Amino acid sequence: MKRFTLQIGIALSGMVLLFSGCNQGGNAANGALSSSAAEKVYVAPGEQDEFYAFLSGGYSGNLTVYGLPSGRMFKEIPVFSQFPTSGYGYSEETKPLLITSHGFIPWDDLHHPDISQTNGELDGRWIFVNGNNTPRIARVSLSTFETEEIIEIPNSAGNHSSSFITENTEYVVAGTRFSVPVPQRDMPINEYKGNFKGALTFINVDPEHGHMDIKFQVIMPGFNYDLSHPGRGKSHGWFFFSTYNTEEASTLQEVNASQNDKDFIAAINWKKIEEYVNNGGGTEMPANYAHNVYDESTHMARSTMKKKVLTVDPTKVPGAVFLLPTPKSPHGCDVDPSGQYIIGAGKLSADITVHSFDNMLAAIEAEKYDGYAYGIPILNFEEVLAGVVKSGGLGPLHTEFDGKGNAYTTFFISSEVVKWQLETWQVVDRKPTFYSVGHLMIPGGNSRKPFGKYVVAMNKITKDRYLPTGPEMEHSAQIYDISGEKMELLYDFPTHGEPHYAAGCPADLLRQNSKKIYRLDENNHPYSIKSPVDARVEREGKDVHIYMSTIRSHFTPDNIEGIKVGDRVYFHVTNHEQDFDVPHGFAAIGANTSEILVMPGQTKTIVWEPKQVGVWPFYCTDFCSALHQEMQGYVRVSPTNSSIELSWSVGE
Ligand code: RUQ
Ligand code: CUA
């Protein structure tokens, strides 16, 4: 416990220093209040931002979309959480996306977005994100900004070293933070050591549709796999994972997992393992995990349970897995744009450790081993080391790159971003953050081609930065201009949930492909109707299907009679608009679900189970025209034994 209190002490004294030293006065000195800083983030009415930024929503389970440099929030994309604003996870079409082997799980903890790449550069097709808690990886379309696919990860827990992608989007990678018994079984927790395992999962991405499929899992020793990044350029074909708790402690981790002076970065030659697997290597293991896919043509998601997973014992593939000693419980594990340097940020350290890919290959070649961990060679620290950044900060976490030979590392404890040079390892600038920064993001910062104009720092503590909003403050993000020699703090903006990592790209990469409408002639939803004249109501026993049309500003049908208490009423709402940005909504009194928001050309379904006799209204929830308030209808609900026939009004 002593160590733990000591760290808190340091953290607090760091904060106190910042609070007393860098208040408004400090800000003004940084130029954040000067007009030139204001001009740099000002996007005039009607003008558009230069970059998209996708910030993870942490415990909101969602992904948020911002513009840079303005810091304006454009959208919240629901991924792992039910979202009443659109009906995601409530509508019949999207509910299957949230199915897991544990049942329907309407929440998760989303940390690390990563945009798909081709030849190591952002291609703007999809963004992949991880769910930590009930391990899942999701794929979000960057044309519709909708979640299209979620795959559950078996043998994993606290899916944190995820969801990072290789430079041609061959794989999206998911690593377990918590090691667990593999396969899961009933066993004493204090027999953790040697028995629990850490699965690193390589998920194949279909180059055309983006569909995901688990190719293999490397079953590693029972460490905690914290973060990861792909090799690129010369190191393409490798993947690097930071680890902590190489002590394999199973209790009092805040003390027991910090005993070793060095933990490891695990280097995985996935190309070699892929080859091994393609030649029949690996062991098929029974598993049970959900794979949920949304079909844009039927506007519907389907969930299937997968029953097998291919596992690989790393000691069976010689030359594929090595451990690089890295000081002080590394958190961040980042790779520079050239693929040469692998940065390990020991979160209990002042220094940043940089490994060299070339040195690593040479050390492997010469077998410069310092022993083995469960049969996996441990490379000699000095042999693989490229340099150490004597930062003068405390608690390094994450590093991004500007593509101009500079790296930027966040320091949680000393609340700052430190700019340093690759190869000289010299610190060239540092700026405070307000306060306790976690990740940072440079658009394209995890690719061969970063756009080194801005860095966004995402802070864990907000305190006095905004007007107080009770005990809870939204986390703060800060944008710095990094185009010059020195970083310049430009602007503060609130975020939503708890952002961890973020991904950004030039707006032009997405703007052209952004979907405006769903074409009605391509709508293959089984309950869609092509025009309002097809609107109708059909009864199948207790189930009633309403084929409903919406068009400004009318529901067809608008009045329905012959519904009975105990019925399950499906409103299948097709939006017959074919104009950009004209959704209609649908809500019914007493529905045990949220409204649905239906995009132009789309069909969505809400289930309504009337429990009371009466005449009950429904209405459009989105202010769609001057006559939006008139967009309503009634359902007459009769007693269960009533003999009133189904009827409906088609208006005109
Ligand atoms: S983490 S604040 Cu979940 Cu990426 Cu380091
Ligand atoms: Cu449709 Cu309001």
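Remember, it's a predicted structure, so these values are computed and weren't measured experimentally. Sequential numbering from 1 along the given sequence is applied to the chain's residues. Basis for what follows: all heavy atoms, side chains included, without hydrogens, waters or symmetry-related copies. When a ligand or atom number is given, it counts from 1 through the structure's own listing order.
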Participant: Checking side chain to side chain donor-acceptor pair (under 3.5 Å) between Asn132 and each of Arg177, His500, His111, His112, which is the one that passes?
Facilitator: His111
Participant: Which of the numbered atoms in ligand 1 are below 4.0 angstrom from a heavy atom of His112?
Facilitator: 1 (S), 3 (Cu), 4 (Cu)
Participant: Salt bridge or not between Arg430 and Glu416? Use side-chain N to carboxylate O under 4.0 Å.
Facilitator: yes
Participant: Can you spot which of Val598, Val573, Thr574 makes a side-chain contact (heavy atoms from CB on, under 4.5 Å) with Lys604?
Facilitator: Val598
Participant: Number the atoms of ligand 1 from 1 as they appear, then name those within less than 4.0 Å of a heavy atom of Lys460, with their elements.
Facilitator: 2 (S)
Participant: So which N/O/S atom does His439 have closest to atom 4 (Cu) of ligand 1?
Facilitator: NE2
Participant: Among protein heavy atoms, which lies nearest atom 2 (S) of ligand 1, and at what distance?
Facilitator: His398 NE2, 3.5 Å
Participant: Consider side chain to side chain donor-acceptor pair (under 3.5 Å). Of His572, His299, Glu93, which one does His525 pass it with?
Facilitator: Glu93
Participant: Using atom 2 (Cu) of ligand 2 as the vertex, how large is the angle between SG of Cys620 and O of Asp622, rounded to 10 degrees?
Facilitator: 90°
Participant: Do any of the N, O or S atoms of His628 sit under 2.8 Å from atom 2 (Cu) of ligand 2?
Facilitator: yes
Participant: Is it the case that more than 12 heavy atoms not belonging to Tyr619 sit under 6.0 Å from its OH atom?
Facilitator: no
Participant: Is a salt bridge present between Arg552 and Asp579, judged by a nitrogen-to-oxygen distance below 4.0 Å?
Facilitator: yes
Participant: Could you tell me, atom by atom, which parts of ligand 1 come under 4.0 Å of a heavy atom of His331?
Facilitator: 1 (S), 2 (S), 5 (Cu)
Participant: Number the atoms of ligand 1 from 1 as they appear, then name those within less than 4.0 Å of a heavy atom of His500, with their elements.
Facilitator: 1 (S), 3 (Cu)
Participant: Taking the six-membered ring for Trp, are the ring centroids of Tyr171 and Trp270 within less than 6.0 Å of each other?
Facilitator: yes
Participant: With a cut-off of 4.0 Å, which atoms of ligand 1 are near a heavy atom of His160?
Facilitator: 1 (S), 3 (Cu), 4 (Cu)
Participant: Is there an N/O/S atom in His111 at a distance below 2.8 Å from atom 3 (Cu) of ligand 1?
Facilitator: yes
